[in-house]
2 protein chains.
Amino acid sequence: MNGPEKPARGRKVTSFDVAQRAGVSRAAVSRSFTPNASVSPETREKVVRAAKELGYRVNYLARGLINRRSDFVGVIAAGMDNPYRAMQIEQITKNLVRRNFKPILLPADHGESADHVMDQLLHYNVSGVLVTSDAPPTALCAEFAAAGVPIVLINKADTIPSVDRVVSDNNAAGKLAAATLVEAGARKLAVIVSSATSYTARCRQQAFVSACYALQRDVRVIPVEYNSYRHGLAAASCLDGVDGVFCVNDYMACGLIDGLHRQGGRDSIRIVGHDDIPQAAWSAYDLTTISQPCDVQAEQAVNLLVSRMDEPAQPERLEVTPVSLVRRGTA
Amino acid sequence: MNGPEKPARGRKVTSFDVAQRAGVSRAAVSRSFTPNASVSPETREKVVRAAKELGYRVNYLARGLINRRSDFVGVIAAGMDNPYRAMQIEQITKNLVRRNFKPILLPADHGESADHVMDQLLHYNVSGVLVTSDAPPTALCAEFAAAGVPIVLINKADTIPSVDRVVSDNNAAGKLAAATLVEAGARKLAVIVSSATSYTARCRQQAFVSACYALQRDVRVIPVEYNSYRHGLAAASCLDGVDGVFCVNDYMACGLIDGLHRQGGRDSIRIVGHDDIPQAAWSAYDLTTISQPCDVQAEQAVNLLVSRMDEPAQPERLEVTPVSLVRRGTA
DNA sequence: CTGTTAGCGCGTTCAT
DNA sequence: ATGAACGCGCTAACAG
C-alpha cells in the first residue's frame, strides 16, 4: 500500500478519527491545532502525523460555531464596469486575505438587490461588512449595527450611528482640479457629473465649483445620468465655449476624451480626471488626474473594521483618504 | 415601549428564544424556515412573528454542519489588472449569487500564494471551487477532487481526473484571427504572446500560426514576458516589416496600439485582439477583436460545478466556449 | 402536524 | 498535560 490513506468516499474525516488513530482523546487533537494550547510535543507529533495520514483538516465552520465568530467579511460592490472598482476590489480582498479573513463578494448593481444580498449575510454571521456600492442601503446598515456586525462604508454619505466610513478627500480634490485647470490657462470651466448616483462625486463637484468661484472663473455644471464612459462620450457635444473640464472620475474622462477626439478638438481643452485608473496612464489618454489611492483606502477600511470588532460600542468614525495630483498631458 | 425588542447586547438570538416566545418547540421553529416542511399555517405564523420581533435569522453555518454542505464556492483569480478578469469575476459571482451560492473571492497573484489560499478553502468545506488563475495549482487540484470537492478550471491546460474544465474555442479564434487579417490585406503576419503564463493564449497562438501556414503567409512569433498593456506597448518596436498582428488578448493590444501610435505608424498595420474587453470598443482603440463571452463562460462553469455536486463520480468533462469576430476599425 | 431525542464537528471547562 | 463531559445552533429521525 502506498501513498496516504484515503478516507471512505463521502465520509469526511473528523477529529474523532484522528484521535482514534493517534491513540489520544479528541481534546488532544483539538489542542494540537489550537495556537497557544498546552500539549506535549510528543502528543502533538503523533496527532499531526495521524492527521496528515488521514488528510484531516479542522472544520473552521464548526470551530466558529463555538467561538461565535466566522472569518467571513461581506464585500458589497456595484458598478463593476468602472475599472476603479476592479482595483478597489482587488485591494480590499487582498488586504482581507492577508489578515486571514475570507471575503465573500456580493455584486449588487440594481439597488434593490443590495438589500436582499446584504440580508443574506446576516445568516452567515459575518464578522464584518464592507460597502462600496453607490446605491445606499441606508436603513439596512442600522440593522447590521444593531445586530452587532461591524460595517464600514466607503465613499458614502449617510452618517449612521455605529457605522464607520472612509471617504476620499473630495474637498481637496475639487480644489486641486480647479487650481490645476486654471494654472494650465483655462478660463471657462465646467464639471461633468451625475446628479443622482455617486455621493462622493457630488462632493467633488461642489468643492470644484466653490474653488472656481474663489478663483473668479466661470463654471458650468454639466449633468449626466451616470458617471460612465458612455456618458462622458456623449457629454463631449455640450462643451461649447468651455476650455477646462473636471470629470468626476477617469472612467467618464476617457469617454469625454474620445468624444472630443471625434470632433477633432481634443487639444484645445484642458481636462482633469479623478481616481487614476490604469487607463488614465495609457498613452491614448495621458490623462492628468487626481489619484485616489485605493490601496491605502482599503487599508483604512479594514483597519476600521477590525478596530470595531475589538470594540463594538465606540462612536462612529470618519477616515479621510488623502488625494494627490498626477500630472500628465491633458492639463 | 415601541419598536421591535432588542436582543441583549452581544447575545445572538437563537431558535430557542423564538420557540420560547412563540410557545412552540425548537423543531417547529426549524420547520417554519425550511422549505417543504410540514408545519401548520398557524404555528408558522406564530413563529414568523416571534422571529421578526426578536430579529431572529437562521444560522446557515450551523445548518450546514448538519447537511454537510456550505453554500460557499471558492473563486480563485489572478491577474486582476487585466480588464477581462474584472468582467469574468463579475459574471461568475453574479451567476453564483443568483443560484444562491456565496462566492468567496481569493486573489492569488504570486503563484505560490495560490496553494496556500486554496488550502485554506478546505477548512470551510466549500461546495466547489472555480479557478481562473493563470498559474496552475496542478497537484492541489487532485487533492480537492480526492476530498470530494468539485472543481472547475477556466481556460487552463491540465487534464486531471474528476476535474472539469471550460476553455475558450482557441482553435477557432486563431483561425478567425488569421483569416481576418489576411482578408484585410495583410501579407506579413505576426502574433504577440507570452510563452510562459497563459495556457489558453498559447493555444490561440498555435492555431493562428497553423492557419497562417495554411493560408501561405509568413508569420512570426513575438515573445513577451506577460500578456499585458506594458508588454504590448514595448512590442511595438519589434514589428519591422509586419503588416498584420494578432494580439492574444485585448489588454495587450491596447498597449500595442498606443505603442504604434507613438511611432506614428498605427494605420499602416492591421490588428486583431481577443476577449472583447470594454476598452476594445473605446474609440481611441476601435479594436477588431474576437469575443470570448464571459457571461456564457461563467454559466458553463457554474453548470459544470453544480452538475458535479449532484453526481461527484462522473468522468471529467471539457466544455468549449464559442467565440465570434467583432469587426471594428483595426482590421 | 408536533415534540422529543440524538448528533453534526468542534472548543472548553473541570477534574485528574 | 490529559481525558470526560457539556454545549455552540441547528436539523434528522423517531415517536405520538
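Below, read A as the first sequence line, B as the second, and so on, with proteins coming before strands; counting in each chain starts at 1.
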Could [X] and [Y] be called an ion pair, given the rule that one side-chain N must be under 4.0 Å from one carboxylate O?
X	Y	answer
D71(B)	K102(B)	no
R85(B)	E90(A)	no
R308(B)	D310(B)	no
K94(B)	D295(B)	no

Open item on the list: Does V29(B) reach a base, just sugar-phosphate, or nothing at all? Heavy atoms under 4.0 Å.
Closed with: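 V29(B): no heavy atom of the nucleic acid under 4.0 Å.
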
Open item on the list: Please classify the nucleic acid contact of A27(B) as base, sugar-phosphate, or nothing, using heavy-atom distances under 4.0 Å.
Closed with: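 Touches a base.
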
Interatomic distance, [X] [atom1] vs [N] [atom2] [rounded to whole Å]:
X	N	atom1	atom2	answer
I66(A)	dG11(C)	CD1	P	6 Å
Y124(A)	dG9(D)	OH	C1'	15 Å
L61(B)	dC8(C)	CG	C1'	13 Å
R63(B)	dG9(C)	CZ	C1'	18 Å
F16(A)	dG7(C)	CZ	P	12 Å
L54(B)	dG9(D)	CG	C1'	15 Å
Y60(B)	dT11(D)	OH	C1'	14 Å
R26(A)	dT13(C)	CZ	P	16 Å

Open item on the list: Is it the case that the side chain of S127(B) and the backbone of S70(B) share a donor-acceptor pair, with hydrogens and angles ignored and the cut-off at 3.5 Å?
Closed with: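 Indeed, once roles are kept as given, a pair shorter than 3.5 Å links the two residues.
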
Task: Backbone N/O of A301(B) and side chain of E319(B): donor-acceptor pair under 3.5 Å - done: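 No.
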
Open item on the list: So M118(A) and I151(A), do their side chains get closer than 4.5 Å, heavy atoms only?
Closed with: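 They are in side-chain contact.
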
TODO: Side chain of L65(A) only, please: which of dA12(D), dG9(C), dC10(C) is the nearest?
DONE: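 Looking only at heavy atoms from C-beta outward on L65(A), the closest nucleotide is dG9(C).
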
Task: DNA chain C: 5'-proximal contact among R31(A) and S25(B) (nearest heavy atom) - done: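 Per heavy-atom nearest nucleotide, the more 5' residue is S25(B).
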
Task: Residue whose closest nucleotide on DNA chain C lies nearer the 5' end, G23(B) versus A62(B) - done: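 Taking each residue's closest nucleotide, the earlier one in sequence belongs to G23(B).
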
Name the atoms and distances for all side-chain donor-acceptor pairs under 3.5 Å in residues 28-36 of chain B, with sequence neighbours left out.
residue : atom : partner : partner atom : Å
S32(B)  : OG   : A28(B)  : O            : 2.8
T34(B)  : OG1  : S30(B)  : O            : 2.9

Within less than 4.0 Å of OP1 or OP2 of [N], is there a side-chain N or O belonging to [X]?
X	N	answer
T14(B)	dG9(D)	no
R68(A)	dG9(D)	yes
Y56(A)	dC10(C)	yes
N67(B)	dA12(D)	yes

Open item on the list: Rounded to the nearest 0.5 Å, what separates atom CG in L106(B) from atom CG in L130(B)?
Closed with: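 Taking CG in L106(B) and CG in L130(B), the distance rounds to 12.5 Å.
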
Open item on the list: Does R57(A) contact dG9(C) through a side-chain donor or acceptor facing the base, at a distance under 3.5 Å?
Closed with: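 Answer no: no donor N or O sits under 3.5 Å from an acceptor.
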
Open item on the list: Any residue in residues 33-50 of chain A with a heavy atom nearer than 4.0 angstrom to DNA chain C? Just list them by number, or reply none.
Closed with: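 Nothing qualifies; none.
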
Open item on the list: Report for the helix from dC1(C)-dG16(D) to dT16(C)-dA1(D): angle between first-end and last-end helix axes, five pairs each, rounded to 10 degrees.
Closed with: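 Terminal axis comparison yields 40°.
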
Task: Nearest heavy-atom neighbours spanning G74(B) and L121(B) - done: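 Shortest heavy-atom separation between G74(B) and L121(B) comes out as CA-CD1, 3.9 Å.
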
